[in-house]
Every structure is written in C-alpha cells, then in structure tokens.
Amino acid sequence: MKDYPQFISPEISGLPNEGKITCTAPSNIALVKYWGKKPVQLPENASISFTLDTCKTITSLSYKKRNIASKDFDFDLLFEGKPKSDFKPKIQSFFERIEEYLPFLKQYTFTIETSNTFPHSSGIASSASGMSALAYCLMQLEKKINQDISDAELLKKTSFLARLGSGSACRSLEGPITVWGSHPDIEGSSDAFAIKFPHTIHHNFKNYQDTILLIDKGEKQVSSTVGHDLMHGHPFAQERFKQAADNLTTLKDVLISGDLDTFIEVVESEALTLHAMMMTSLPYFILMKPNTLSVINKVWEYRKKTGSKLCFTLDAGANVHLLYPDSEKEEVLDFITSELVAYCQNGQYICDKIGLGAELL
Ligand code: PMV
C-alpha cells in the first residue's frame, strides 16, 4: 500500500507537448519551530509560521514532452540565469521522492530557471521558497493534465509535494499564517501538508512586520538535515515536542485574541529553545554570534523603555527576525537604523512583512 494514495495523479493521457509556467513563492518564519523529523519528512511536532511577502523565489518551469519516456529525470537548472550544478542533487532527490505522485515526470525534459528576491548567501534559507515554488509549478502542470482537481485539492497536494522537498517549504504556499503538523487543537491539521490557520486572525497581526537583520551571511554551520537528526536521541527531545504542542495551543488563542504580550513570550521562548536544542545536542553547536546576543539585549532594553511590542525570533542561524505590529513601524525602523544596524554585517537588513503565499505569474 502506498503512503498517501489520495495524492497519486490519475492515469493521464493527452500530456501537453510544451510550455512554460512561472510562479513565485515566499519564504516563511516559524513562530513555533519544527525541529526534529521522522521519515519521510514528517515533523515530530506541529509548527506555525508567518508567510513572508518580500523574500521570495521566482521559478519558471519549461517543459517539453519527450518522444519516449527517459530512464532518469531530464532537467537543467539555471540560478539567476547561470547553470547551477550544485543545486541539481537536491532537485534530483526531490524528483525521486515525488515521482510516485507525479508519474508524468520522466516523460518531460524540464528547464528550471530560478532566482531569489533576497541577496544570495545572505544566510536566509532559500529552500522553503525554492521548493514551494518548484512544487507550485509542477502542480500547475498537473492541473493542465488533471483538470478535475479542485483548487483545494491542488493546494493541498502542492503543500504535500513541497514538504517532500524541504519540510518548512510546505508552509509557504498560503498565508498569512499556516500550520503544519497534526495538532488536536487545529482542525484539519496534518503531518503530510500545511493548512491555512483556520480561524479569524486578530487585527493586531494585520500587516505584521518582519525586519530581518543580516548578522552573519556565512555558510550555515549546520544544515537543517543534520540539525533535525540531532533530535534523535536528544536528552530533551520528548519534553521539547510536548512544549511545542503546548505553545501552539497558546499561540492559537493569541492569534485570535490579539494578546501581544503572550505572543512575545511564546515566540522568543521558541527561538531560544530552538538554539538551546542545538547547544545541548551531541555534537553541540552555537549558531548565534555575539551580535545576535547584542541585538536581543537591545530589543529587551527597548521594550522595557518604550513599552513597545517588538520581539525577535531566530532561524537555525545567527540572523535575527524582528517582529512588530504595523502600528509601530516608524518608531521601530528608527530604532533599527539608529541602534541595530551597527550589528548587521555590512549594515544589511531586509524589511519584510506577513504575506499571502505562492502565486502564478
Ligand atoms: O525545512 P527545514 O528542514 O529547512 O527546517 C527548518 C527548520 C527551522 O527553520 C529552524 C524551523 C522552522 O520551523 O522553519
């Protein structure tokens, strides 16, 4: 029995000969973090994220039908207009994983052209936006072939496929807030794909801002694959998974009620716990830099002094995401430019905000 038979495309005849599909998909920032997985790419705990708006990948998929299906996948990859062979193995293993769900893959020669709106090697992970954009293009091709598929099913399967490329990518298709992972308090949630947060979100979160401070643009010390593996046999793993589930329950209420103080508490605790997990694994890692800590302390001071609702979160790296209400935009940007830019590598930061997900161009 195959794992998710509902996502296997029906037998298809009349494949289109050639064409090109272009789409864009954003990055996302987790509020409750996914850290730890089971095969194949299933999360140990449910996570929730803000979909971003500005940090995006733009991907074109050109497809040309072959006379005879090839034995292997046939694709070229261009990143910012140039061949990029080091991305190919990741796409190859993505295709291998999704082939049973998209049986037409070997009948095509593909050219994948991709670029990001955020600077290359800025320390911002492009796997979430990149894999969701590619899954989106592939599902638009499936839609041409399988016209009976409903929009809801199409979106679900796109998220399902994106997850097989990079776990957190499944949370990038919709916005402004998505949940991935089965959770008793989130109706319709699943380990297999992400869903849109199924409640009305309080207006405090409308246009919520995320300014990303680029503290260290170096290569990631630990890939997320290695990072997730560190949770196997981790002494605090089970407690962590339970804490994540409890934090998601709390955040669900916060997103509905607009309680920003509790939002800050949960989000900052999640960020520090993610890093605490890395510091307490074997081998252990410290992914924050001295400037990460300086920024965190400055944020706490600023909050104490002004009563602001500014808070921070972190990914598996040194960069800091500053989250704050739209109503505080001007003051916080003043604070960033006057006091925090000094901690950014080459003074670089990116102004982003909560967004709506992937779209066809
Ligand atoms: O999707 P991955 O395997 O790159 O893992 C992402 C992990 C974190 O970014 C640290 C947390 C998250 O939930 O996005």
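Read the numbers this way: they start at 1 and go in the same order the structure lists the ligands and their atoms. Scope of the values below: all heavy atoms of this structure, side chains included, with no hydrogens, waters or symmetry mates.
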Novice: If I take atom OG1 from residue Thr57 and atom CG from residue Leu134, how far apart are they, to the nearest 0.5 angstrom?
Specialist: 10.5 Å
Novice: Rest of the hydrophobic cluster containing Tyr284 (Ile/Leu/Val/Met/Phe/Trp/Tyr, side-chain heavy atoms under 4.5 Å)?
Specialist: Leu282
Novice: For Glu270 and Arg240, what are the C-alpha separation, side-chain angles and deciding distance, and is it a salt bridge (charged side-chain N to carboxylate O under 4.0 Å, His left out)?
Specialist: CA-CA 10 Å; Glu270 274 290 317; Arg240 160 62 195 153; 2.8 Å; yes
Novice: Using 4.0 Å as the upper bound for N to carboxylate O, is an ion pair formed by Glu187 and Lys252?
Specialist: no
Novice: Under the salt bridge (Lys or Arg N to Asp or Glu O under 4.0 Å) rule, collect the residues that match up with Arg97, sequence neighbours excluded.
Specialist: none
Novice: Can you give me a line-by-line list of nitrogen or oxygen pairs between ligand 1 and the protein shorter than 3.5 Å?
Specialist:
| from | atom 1 | to | atom 2 | distance (Å) |
| --- | --- | --- | --- | --- |
| ligand 1 | 1 (O) | Ser166 | OG | 3.3 |
| ligand 1 | 1 (O) | Ser168 | N | 2.8 |
| ligand 1 | 1 (O) | Ser168 | OG | 2.7 |
| ligand 1 | 3 (O) | Ser224 | OG | 3.1 |
| ligand 1 | 3 (O) | His228 | NE2 | 3.0 |
| ligand 1 | 4 (O) | Ser224 | OG | 2.8 |
| ligand 1 | 5 (O) | His228 | NE2 | 3.0 |
| ligand 1 | 9 (O) | Asp315 | OD1 | 3.2 |
| ligand 1 | 13 (O) | Tyr34 | N | 2.9 |
| ligand 1 | 13 (O) | Arg171 | NH1 | 3.0 |
| ligand 1 | 13 (O) | Arg171 | NH2 | 3.3 |
| ligand 1 | 14 (O) | Arg171 | NH2 | 2.8 |

Novice: Linking directly or through intermediates, with side-chain heavy atoms under 4.5 Å: list the remaining ILVMFWY members grouped with Tyr34, chain and number order.
Specialist: Trp180
